[in-house]
A.B. asks: 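Dropping a structure here in structure tokens format, bear with me for questions.
In what follows, every heavy atom counts, from backbone to side chain, and hydrogens, waters and symmetry copies are set aside.
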Amino acid sequence: MTDTTIEHHELGRFLAVAAQRFARGEGPAEMFSGAVDAEWHRLLSTSGYAEFSTTHAGAVLGHREMNGSGPVGWVSAYEKAYGPLPEVWFTDGHGTLDADAFARYRKTGTVVAEWDCGPVTEGDDEGEGDAVPDSR
């Protein structure tokens, strides 16, 4: 790993898993980490986002609002590729770890969470595939 943050590193992994889901015809991956999402928003506003996304996902994945809650569907694919989710996935945008949620994940291997956004492919039916920040 280079001198990037764990949030940056995990965003790359998330985009890779999200792209695999799209390739299999599955729905978008749920972004449930405030910390990783904050990095996504930061990177979206840079000229380097398209290259970063293409490097990790094979294409530019955009960002859209996508509210929901329940089991997070991509965790097993992540674990198969990279191992267990690190703590940052259970950390909010201010750096506060949800220790109870992290402990539940470590005990059960599943993540049940709330999310408010996720990736979108270019040319998505909703026309929200541009790699630009949403209105949050």
A.B. asks: Are Val72 and Val112 close enough, and set up right, to give a side-chain contact (heavy atoms from CB on, under 4.5 Å), and what steps lead you there?
C.D. replies: CA-CA 6 Å; Val72 175; Val112 177; over 6 Å; no
A.B. asks: Would you say the side chain of Thr91 lies within less than 4.5 Å of the side chain of Asp98, judging by non-hydrogen atoms?
C.D. replies: no
A.B. asks: Quick check on Glu114: does its CD atom have over 12 non-hydrogen neighbours (other residues, nucleotides or ligands) under 6.0 Å away?
C.D. replies: no
A.B. asks: Taking C-beta and beyond as the side chain, do Glu30 and Met66 meet within less than 4.5 Å on heavy atoms?
C.D. replies: yes
A.B. asks: With sequence neighbours excluded, what pairs up with Phe22 under the ring-ring contact (aromatic ring centres under 6.0 Å, His included) test?
C.D. replies: none
A.B. asks: Quick one: are Leu85 and Phe102 in side-chain contact, heavy atoms under 4.5 Å?
C.D. replies: no
A.B. asks: Between Leu43 and His8, what is the shortest heavy-atom contact and its length?
C.D. replies: CD2-CE1, 3.8 Å
A.B. asks: Is it true that the side chains of Glu87 and Tyr105 contain a donor and an acceptor less than 3.5 Å apart?
C.D. replies: no
A.B. asks: Look only at the side chain of Ser53 and the backbone of Ala59, and say whether a donor-acceptor pair between them is shorter than 3.5 Å.
C.D. replies: yes
A.B. asks: Quick one: closest heavy-atom pair of Arg106 and Pro84, and the distance?
C.D. replies: NH1-CB, 3.4 Å
A.B. asks: Are the side chain of Ser33 and the backbone of Val88 linked by a donor-acceptor contact shorter than 3.5 Å?
C.D. replies: yes
A.B. asks: Main chain of Glu26, side chain of Arg21: is a donor-acceptor contact present, judged purely on distance under 3.5 Å?
C.D. replies: no
A.B. asks: Answer yes or no: is there a donor N or O on one side and an acceptor on the other, between the side chain of Tyr49 and the main chain of Leu61, under 3.5 Å?
C.D. replies: yes
A.B. asks: Please give me the minimum heavy-atom distance between Met31 and Val36, naming the atom from each residue.
C.D. replies: CE-CG1, 3.6 Å
A.B. asks: Do Tyr82 and Val17 have side chains that approach each other closer than 4.5 Å (heavy atoms only, starting at C-beta)?
C.D. replies: yes
A.B. asks: Give a yes or no answer on whether the side chain of Glu10 reaches the backbone of Trp89 with a donor-acceptor pair at less than 3.5 Å.
C.D. replies: no
A.B. asks: Could you tell me whether a side-chain N or O of Thr55 sits under 3.5 Å from a main-chain N or O of Glu51, the two making a donor and an acceptor?
C.D. replies: yes
A.B. asks: Show the numbers, then the answer: is there a side-chain contact (heavy atoms from CB on, under 4.5 Å) between His63 and His41?
C.D. replies: CA-CA 9 Å; His63 180 282; His41 280 263; 3.2 Å; yes
A.B. asks: Indicate yes or no: at least one non-hydrogen side-chain atom of Thr46 is less than 4.5 angstrom from one of Phe52.
C.D. replies: no
A.B. asks: Are the side chains of Trp74 and Phe14 in touch, meaning some heavy atoms are under 4.5 Å apart?
C.D. replies: yes
A.B. asks: For a quick test of reading the model, state the closest non-hydrogen atom pair linking Phe32 to Ala113 and the distance between them.
C.D. replies: CB-CB, 3.8 Å
A.B. asks: Can you confirm whether Glu65 sits close enough to Cys117 that some side-chain heavy atom of one is under 4.5 Å from a side-chain heavy atom of the other?
C.D. replies: no
